[in-house]
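Let me begin by presenting the structure, written as structure tokens, before commenting on it.
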Amino acid sequence: MDEAEFRDRQIWVRAFYGFDPEGAGFIGFTHESQRTTMMDKMRDGDLVLIYGAVDSLTQTDLQRQALGFLEIKLEACTDLERLSRESQAWKIERNFQDRWTYGVKVRRAWRVTNRVHIKTIAPNSYHPDFRFERTTKAKLLEPEEARRALSHQVMQINVFGEPAIPESVLANGTLEQVLSPSKGIPPAFGERTSSVVDGENYVYMMRFSGGASFLLGRTSYDDGQALVKVGRSNDPIRRLSEINVGFPERSLENWGLANTQMFPNGDAAHTVEDRIKADFDRLFQSEGGEFFTGDFESIQTQFESVCIASLPHILGAPGKAKGVK
């Protein structure tokens with residue numbers, strides 16, 4: 001990775017007594033001015049690496065250990081809005097009602113599964129000079145430290161206040177892997193139980209009619225923000241029906257075919273599919289796998305731009321699918 005890849009997703013480090021996004025779906029600050037300072041510096045989608053503070057409230061074997069990562073949703077909240085009853089009781093028992101009351105929401109979270117000392121990841125940011133910053137606000141990791149952070153194995157967990165993610169969908173792997181859009185499955189041809197013949201393949205983009213907020217959580221996305229799926233198929237209309245089969249027949253919202261572009265064979269379409277996903281990951285918000293959110297006009301323009309640039313001869317713009325239900 002080069003430093004440019006960190007422009008849009010910064011990684012911060014913060015000390016705390018433990019790691020419990022399931023009970024606390026926010027990052028808390030004791031003073032409103034601290035939250036204001038961090039919200040001015042943070043970007044939506046930034047990551048915060050939590051490590052165990054050196055304190056009697058931290059389990060001994062977790063002190064100085066990297067515990068997990070939080071993905072920031074750049075929205076202010078109060079502690080009571082994003083605390084479970086158990087977590088509220090924990091604060092009351094310790095007379096901490098006046099601490100960490102000013103919050104910034106967390107969208108997703110991953111627990112670090114390998115044991116690692118925070119100094120191994122962030123030797124410079126862990127310097128004593130930054131102790132106050134790490135414990136009261138958060139310290140921005142240097143580029144090399146951020147690279148090391150992304151290399152560690154993580155396990156995704158649910159976040160209190162966010163829509164629950166089924167256990168079968170929770171992502172595992174290195175942080176870099178779980179944050180990257182999935183690669184398309186390379187086409188394979190030849191004898192199986194049947195013969196798969198190469199030929200015309202389409203790169204397609206589907207759009208969910210209800211928008212991102214309908215499917216991913218109404219409080220998580222601005223009104224009108226689109227949710228799209230990018231893929232490849234030799235029959236996009238058949239693929240659309242396969243995707244929509246999971247919705248009831250009377251469903252008011254479903255997937256529609258927004259755009260397609262034909263390529264002469266599977267390899268060519270596969271290459272363009274991965275190129276589009278890489279561009280979408282850089283320009284828009286990856287929701288994991290083949291799914292992205294963002295302004296639809298911008299998404300549409302980028303899809304068409306990549307497809308046209310990838311054609312051996314410019315034969316016309318990609319075909320916008322109209323009237324496909």
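Positions are given from 1 along the sequence.
Cluster partners of Met262, by chain and number: Tyr202. The rule joins Ile, Leu, Val, Met, Phe, Trp and Tyr whenever side-chain heavy atoms lie under 4.5 Å apart.
Note that Lys91 lies outside the cation-pi zone of Phe96, set by a 6.0 Å cut-off to the ring centre and a 45° limit from the axis. For the pair Arg111 and Phe19, the NZ or CZ position fails the cation-pi test of under 6.0 Å to the six-membered ring centre and within 45 degrees of the ring normal.
Every residue two or more places apart in sequence or in another chain that forms a salt bridge (charged side-chain N to carboxylate O under 4.0 Å, His left out) with Glu242 is listed here: Arg238, Arg239.
Side-chain atoms of Arg134 and Tyr126 form no donor-acceptor pair, as typed in the model, at a separation below 3.5 Å. A donor-acceptor contact closer than 3.5 angstrom links the side chains of Gln302 and Asp279.
Of all heavy-atom pairs between Arg14 and Thr135, the closest is NE-O, 3.6 Å.
Within the 4.5 Å cutoff, the side chain of Glu290 has heavy atoms near those of the Glu273 side chain. The shortest distance between side-chain heavy atoms of Arg107 and Glu162 falls below 4.5 Å.
Two rings, from Trp255 and Phe208, have their centers less than 6.0 Å apart. Between Phe26 and Trp100, the ring center distance fails the sub-6.0 Å criterion.
Ring pair Phe292/Phe280 is perpendicular by interplanar angle, where above 60° counts as perpendicular and below 30° as parallel.
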